[in-house]
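What follows is one structure encoded as structure tokens, with my remarks underneath.
All chains are named by letter (A, B, ...) in the order of the sequence lines, taking the proteins before the strands, and each is independently numbered beginning at 1.
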Number of protein chains: 2
Amino acid sequence: MTFVFNERDGCGKCPIRHRAICARCDADELVRLEGLKSYKTIEAGQTIIWRGDDLSHFSSLVSGIASLSRTLEDGRTQMVGLLLPSDFIGRPGRDVVEFDVTAVTDVTLCRFDRKPFEQLVDEIPHVSQRMMEMALDELDAARDWMVLLGRKTAREKIATFLEMIVRRDQTPVHSGGQHVLPLTREEIANFLGLTLETVSRQLSVMKKDGIVAFSDRRHFAITDLEALHAATGDDADGGMII
Amino acid sequence: MTFVFNERDGCGKCPIRHRAICARCDADELVRLEGLKSYKTIEAGQTIIWRGDDLSHFSSLVSGIASLSRTLEDGRTQMVGLLLPSDFIGRPGRDVVEFDVTAVTDVTLCRFDRKPFEQLVDEIPHVSQRMMEMALDELDAARDWMVLLGRKTAREKIATFLEMIVRRDQTPVHSGGQHVLPLTREEIANFLGLTLETVSRQLSVMKKDGIVAFSDRRHFAITDLEALHAATGDDADGGMII
DNA sequence: CAGGAACCTTGATGTAGATCAACCCAGATG
DNA sequence: CATCTGGGTTGATCTACATCAAGGTTCCTG
């Protein structure tokens with residue numbers, strides 16, 4: 001399966017040098033992989049890996065956004081994760097992907113071969129510790145999302161989604177409170193277990209309620225953060241990890 | 001957060017000796033924790049840990065079934081995982097639980113203190129490797145469940161649930177194809193993101209369809225496995241990991 | 001063995017969100 | 001500049017599931 005990890009405090013450059021892989025490893029240890037890396041770019045909309053494909057190498061997202069999803073035979077699709085820069089595709093121990101990985105925007109990957117990577121995991125204990133922690137964080141996030149999918153109303157789903165986008169937005173100086181909405185209405189729907197019409201309607205309602213303001217289809221600002229949070233259905237402290 | 005791992009090939013005794021913790025560690029390494037373990041039993045229905053509680057020790061399920069769930073302020077609750085014997089409660093690196101852990105049946109735990117366990121993870125590389133792999137398996141399972149919660153119909157949810165119960169049933173000789181249903185209708189509903197009435201109705205429909213037969217409220221047999229699978233909405237190969 | 005209590009089933013009705021459909025708008029393309 | 005295309009909005013209608021409600025079982029307890 002695809003394993004995704006999150007490390008937003010990296011340098012933004014090639015993740016081989018990232019704290020993502022190991023905050024405690026010294027340079028020597030990480031240099032081992034340098035020679036094996038290669039870059040690849042994928043256009044928005046293209047599928048990076050299909051469910052069931054062989055996982056010949058590991059990749060780390062350098063730039064762009066990708067999604068992890070599954071589509072049932074009749075076309076219903078559910079997104080199960082969003083990959084942001086420094087997230088990771090591939091997992092040690094399994095050689096087949098369980099979900100489709102698709103480029104949401106143009107994407108650059110830094111790839112390296114499986115074998116040497118697995119060896120790294122095997123030989124450098126910090127790496128598997130780090131990956132364990134990250135897998136556990138992802139697991140928490142997935143379970144939070146299960147609560148959303150199973151029990152939240154359309155409005156709560158949208159509010160939770162917007163709050164998540166805002167929380168994850170790393171835009172240095174949040175330019176006038178403006179945030180980018182990286183997904184189409186349909187993609188949001190597939191993320192939230194809704195239809196695109198419901199997403200559109202609920203966003204309209206929240207505009208009328210004075211919670212969000214769209215300057216354009218892809219850019220919004222939160223005009224009432226309190227109200228947004230109240231609309232999520234979560235309690236004060238509770239928060240997703242991702 | 002609570003981390004759960006699955007190792008069905010253990011000895012069924014105290015998990016300290018389990019392959020669950022480390023298949024590759026030698027006896028000496030594992031013996032270190034032996035002195036620290038203590039047992040605790042919890043009655044069915046009791047909460048083992050509340051969300052937000054301090055995680056003073058790690059536990060491993062010796063017998064019984066527990067659930068992992070979250071309840072929203074207004075009472076809606078969503079189960080996010082089922083813990084079976086040899087599953088694990090607690091995770092290195094975080095000291096607070098993100099979900100409620102509740103005993104579904106009477107439960108016996110084998111507990112040991114956090115600090116020594118974290119040290120074990122730190123010092124014995126196989127352990128964190130093993131835990132990473134298990135966390136990744138859980139992650140796959142959680143994502144499969146997200147597809148169910150977000151996109152499947154009530155009937156598909158029930159069918160998937162029954163299929164999962166059957167797959168996980170370790171009963172040595174599946175006594176006449178009989179399986180135990182360990183959850184009440186309400187618990188099933190909370191697992192599947194439904195109401196208990198819908199669960200009851202869909203089970204009735206599947207009885208009429210000749211897919212399941214209940215000998216009693218808690219015991220059933222699958223009378224048409226083909227049809228059961230067809231009703232799950234999954235494709236032929238696709239399967240949950242758990 | 002009588003009386004609860006917890007659990008389950010089934011029916012009637014309500015409703016959130018899906019589905020179907022028409023139209024709008026912005027950016028690409030010739 | 002016209003037109004086309006891929007989103008996006010908004011309305012009308014439908015439906016799967018929730019909600020409300022009334023029994024029915026099973027099992028526990030005195």
Can you find a donor-acceptor pair, distance only, under 3.5 Å between [X] side chain and [N] base?
{"X": "A/R217", "N": "C/dG27", "value": "no"}
{"X": "B/R185", "N": "D/dT25", "value": "no"}
{"X": "A/R155", "N": "C/dG17", "value": "no"}
{"X": "B/E187", "N": "C/dC7", "value": "no"}

Have a look at A/G193 and say if it touches a base, only the backbone sugar-phosphate, or nothing, with a 4.0 Å heavy-atom cut-off.
->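 A/G193: backbone/sugar contact only, no base atoms under 4.0 Å.
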With a non-hydrogen cut-off below 4.0 angstrom, is B/T184 in contact with a base, only sugar-phosphate, or nothing?
->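 Sugar-phosphate, backbone atoms only, no base.
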Is the distance between the ring centroids of B/H57 and B/F112 less than 6.0 Å?
->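 Ring centres of B/F112 and B/H57 not closer than 6.0 Å.
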Which whole-number value in Å describes the distance from [X] [atom1] to [N] [atom2]?
{"X": "B/L183", "N": "C/dC7", "atom1": "CG", "atom2": "C1'", "answer": "14 Å"}
{"X": "B/E186", "N": "C/dT9", "atom1": "CD", "atom2": "C1'", "answer": "15 Å"}
{"X": "B/I188", "N": "C/dC7", "atom1": "CD1", "atom2": "C1'", "answer": "12 Å"}
{"X": "B/L181", "N": "C/dC7", "atom1": "CG", "atom2": "P", "answer": "14 Å"}
{"X": "A/F214", "N": "D/dT10", "atom1": "CZ", "atom2": "P", "answer": "12 Å"}
{"X": "B/L196", "N": "D/dC17", "atom1": "CG", "atom2": "C1'", "answer": "13 Å"}
{"X": "B/K207", "N": "C/dC8", "atom1": "NZ", "atom2": "C1'", "answer": "9 Å"}
{"X": "A/M206", "N": "D/dT10", "atom1": "CE", "atom2": "P", "answer": "15 Å"}

Heavy atoms only: give me the nearest A/K37-A/C110 pair and the separation to one decimal.
->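 So the two residues come closest at CB-SG, 4.0 Å.
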Between [options], which nucleotide gets closest to the side-chain atoms of [X]?
{"X": "B/S200", "options": "D/dT10, C/dC8, D/dC17", "value": "C/dC8"}
{"X": "A/R218", "options": "D/dG8, D/dA18, D/dT10", "value": "D/dG8"}
{"X": "A/E197", "options": "D/dC17, C/dC8, C/dT19", "value": "C/dT19"}

Map B/L203 and A/R201 onto DNA chain C by nearest heavy atom, then report which one ends up closer to the 5' terminus.
->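 This one resolves to B/L203.
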Could you point out which residue of A/D87, A/V180, A/T102, A/V104 forms a side chain to side chain contact (heavy atoms under 4.5 Å, CB included) with A/I65?
->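 Per the side chain to side chain contact (heavy atoms under 4.5 Å, CB included) rule, the option paired with A/I65 is A/V104, out of A/D87, A/V180, A/T102, A/V104.
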Do the side-chain N or O atoms of A/T195 get closer than 4.0 angstrom to the phosphate oxygens (OP1, OP2) of C/dT19?
->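 No.
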N/O (side chain, A/T198) to phosphate O (OP1/OP2, C/dG17) under 4.0 Å =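 Result: no.
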Under 4.5 Å between any side-chain heavy atoms of B/I188 and B/L181, yes or no?
->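 They are in contact (side-chain heavy atoms under 4.5 Å apart), so the answer is yes.
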Less than 4.0 Å between a side-chain N and a carboxylate O, is that true for A/R143 and B/E138?
->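 The answer is yes: the pair qualifies as a salt bridge.
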Under-4.0 Å salt bridge between B/R218 and B/D216 |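 Salt bridge between B/R218 and B/D216, a charged N being under 4.0 Å from a carboxylate O: no.
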Please figure out whether A/V199 or A/R151 has its closest DNA chain D nucleotide nearer the 5' end.
->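 It is A/V199, whose closest nucleotide lies nearer the 5' terminus.
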